[in-house]
There are 2 protein chains.
Amino acid sequence: MADVARLAGVSVSTVSYALSGTRPISLSTRERIEQAMLDLGYTPNAFARGLKSKRSRIIALLLPAQTASPRLSALEYILGASDHAQERGYHLMLWTAGVEAADDLAQFAGQGLVDGVLVLDVRPDDPRIQVLARAEVPFAMIGHNAEPDGLDYIATDFAHSARLAVEHLSELGHRKLGFVDAMSEVEGGDGARLGKELEEAAGRVGATMIPVAAEESVEGGRTAFAALAGADPQVSAIVVFSEHVVPGLMRAAAENGRRIPEDLSVICIDMAPHVAELTTPPMSTVGPSAVQIGQAAVDLLLRRLDGDAAPARQLLFQGELNLRGSCGPNPTTDHHPGSSTSQQRRYLQ
Amino acid sequence: MADVARLAGVSVSTVSYALSGTRPISLSTRERIEQAMLDLGYTPNAFARGLKSKRSRIIALLLPAQTASPRLSALEYILGASDHAQERGYHLMLWTAGVEAADDLAQFAGQGLVDGVLVLDVRPDDPRIQVLARAEVPFAMIGHNAEPDGLDYIATDFAHSARLAVEHLSELGHRKLGFVDAMSEVEGGDGARLGKELEEAAGRVGATMIPVAAEESVEGGRTAFAALAGADPQVSAIVVFSEHVVPGLMRAAAENGRRIPEDLSVICIDMAPHVAELTTPPMSTVGPSAVQIGQAAVDLLLRRLDGDAAPARQLLFQGELNLRGSCGPNPTTDHHPGSSTSQQRRYLQ
DNA sequence: CTGAAAGCGCTTACAG
DNA sequence: CTGAAAGCGCTTACAG
């Protein structure tokens, strides 16, 4: 910057003000400065700027590392958030240490490197929330913990998703439903909340819902299918909330002579569109766009960084039903779906 | 840091040296300093440190934004690189602006924010390479451009992958092969290189290879299938190098009465394992682990950052054949695979 | 083994 | 409309 000032024949403070636009600069001075910056290929140093201004224009995305089994939909959050942050002039840093690495996170948050933090895969008793609060770093959650009062978050409206899924299956004549949830989901977590909503929705349409906890693997999917078939052979539709059980579940169904969707309906909650297209038949899903949630989370956080002192905002995103091909009428009833309601749905493809 | 020094009764420089360990400190002094840091919950400021030391311990991952159609395997690169960088004491920043945003990238690289850069999805004439070289930021590529001499990179050994795929199909009796490549792949890019290697490998085993360029979409996959069937109805096996065409290709095959693997074999190059498990039948693949490539790319870059002035390293990762279920014997011949070689393969699941 | 001091490259009151 | 100067919180020769 000193070089620019010298070349333009002004002081460094004038260069700085020209750059930030925080005070009026005469046209001729500004032009000389801009020319000098171009000639020298000058770019302001991010560290000097950050040191003085206490703002880095960097936000972090906390994605607990599970290299072994990443949800493919995580990519949509990441790209949605990253693109949007960049559009709004922020950089996005990835923090993939596990939930349990609280000390490392405290260190990270205390460094002043990031202006704010986005927290993914939030658990009910998530230790990261305390750490961030203590470090006094603004943050927003995607999902939420057990006591989210006073905290900014954005989450899926599970009550709405449950209703969409169950009503759709009910219209197809299904009365006995299964719900496969990931075993890793702790008590009071997303899976449990969704399960509760599904059960209520099932109750409202006079259906029953059998929940099964599955390990997040191909084998877990097989086991879940066996468990459901064992619990009640009449189960004709399954709601799934774990990407990784899908292959095993579908294969077990095929091996037991249950064709999808003719003999068995399957619908997935919060599965990314690209993933849903890969199965045969393509998977019907319910859920909001992860890309949009990622973008909205960035907006929520930047609102705080811009000094908004308003009360915490808690946004619920309503999903939509994306019918692809994995749900059909219950073969054991001769029910036909009402044409009036189904007309209003979005049929994809 | 001044607070720590005061509390410990030493100078700030002593605190700094204790922190960095770059000069001997007496045990008692060190203990007082450490206690003071704990008491105050002190964490060194990243910007002050970066300003003086000219090192940020941040690396950037350049992933051209394609929110519309991200490859799910991109997630493996990201997580592999991020985890590994974190283990080695570095932060990973995501840069998802498009390849064409050269000015923004120059700005970014000139800020001094990142010590080094990892470049993904490198094109033959990739403008980012010049920008980074001019900004004098150390970088390493995953994949490579048209003139990679003197540049660090790590890439898939396509000759090896092509050989594995073609020899496997050849052993199954397939003589007419198709190759579906993404249309977006520009001349001289990965797709073109792989295509050349596949053709050579096919020539060596006396098979023919028909290449088809497809749009990266479900519809593109359908079109590709039709093109291949139209070009030669005898094509009995298809090598695919684009995740997004897989659903359309598989559906078109099914609609034309060609069962996989009984009537048609399909094998994918560089598809992530979790993606491969989702198709029915599960997809056989050839390729190295994207997680490992991400990790190795970090190592390659950090080697430079650690001041290694050795000549550029160019690493080729050899893939392996992961047989899952999408390849079978050519139904139009009565060929049986030789048991000796197939024994040596890794059968998954 | 320890301290005093310069300086990294900016921003921003203070002064004119 | 512009400049001189302090200071952000560290690191690192220089000195003892």
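So that the names make sense, note that chain A is the first sequence line, chain B the second, and so on, each numbered from 1. A quick note: this is a predicted structure, and the numbers were derived from the prediction, not measured.
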Asker: Determine the interplanar angle of the B:Trp95 and B:Phe108 rings, folded into 0 to 90°, and report it as parallel if under 30°, tilted if 30 to 60°, perpendicular if over 60°.
Answerer: parallel
Asker: On DNA chain C, which is the earliest and which the latest nucleotide, 5' to 3', with an atom closer than 4.0 Å to a heavy atom of chain B?
Answerer: C:dC1 to C:dG9
Asker: Check every strand shown and say whether B:Tyr17 touches a base, only sugar-phosphate, or nothing at a heavy-atom separation below 4.0 Å.
Answerer: base
Asker: Reading 5' to 3' and counting Watson-Crick or G-U wobble pairs with both distances under 3.5 Å, write the dot-bracket notation for DNA chain D, | for bases paired outside the strand.
Answerer: |||.||||||||.|||
Asker: Do A:Asp299 and A:Gln295 have side-chain atoms, one donor and one acceptor, less than 3.5 Å apart?
Answerer: no
Asker: With a 4.0 Å cut-off on heavy atoms, is A:Ser20 in touch with a base, just the backbone sugar-phosphate, or nothing at all?
Answerer: nothing
Asker: Taking the nucleotide of DNA chain D with the closest heavy atom to each, which residue, B:Leu51 or B:Thr22, is nearer the 5' end?
Answerer: B:Leu51
Asker: Heavy atoms under 4.0 Å, any strand shown: does A:Ser16 hit a base, just sugar-phosphate, or nothing?
Answerer: base
Asker: Answer yes when A:Arg55 and A:Asp115 have at least one side-chain N-carboxylate O distance shorter than 4.0 Å, and no when they do not.
Answerer: yes
Asker: For B:Ser16 and B:Val12, indicate whether the former's side chain and the latter's backbone hold a donor-acceptor pair under 3.5 Å.
Answerer: no
Asker: Drop me the distance from A:Met93's CE to A:Ser56's OG, to the nearest 0.5 angstrom.
Answerer: 8.0 Å
Asker: Answer yes or no: is there an ion pair linking A:Asp3 with A:Arg6, defined by an N-O contact shorter than 4.0 Å?
Answerer: yes
Asker: Would you say that A:Arg123 contacts A:Pro64 through its side chain, given a criterion of any heavy-atom pair below 4.5 Å between the two side chains?
Answerer: no
Asker: Within the structure shown, what part of the strands sits under 4.0 Å from A:Thr29 by heavy-atom distance: base, sugar-phosphate, or nothing?
Answerer: sugar-phosphate
Asker: Could you pick out which residue, B:Ala48 or B:Val12, lies toward the 5' side of DNA chain C when each is mapped onto its nearest nucleotide?
Answerer: B:Val12
Asker: Got B:Leu62 and B:Leu132 here, is their nearest side-chain heavy-atom distance under 4.5 Å?
Answerer: yes
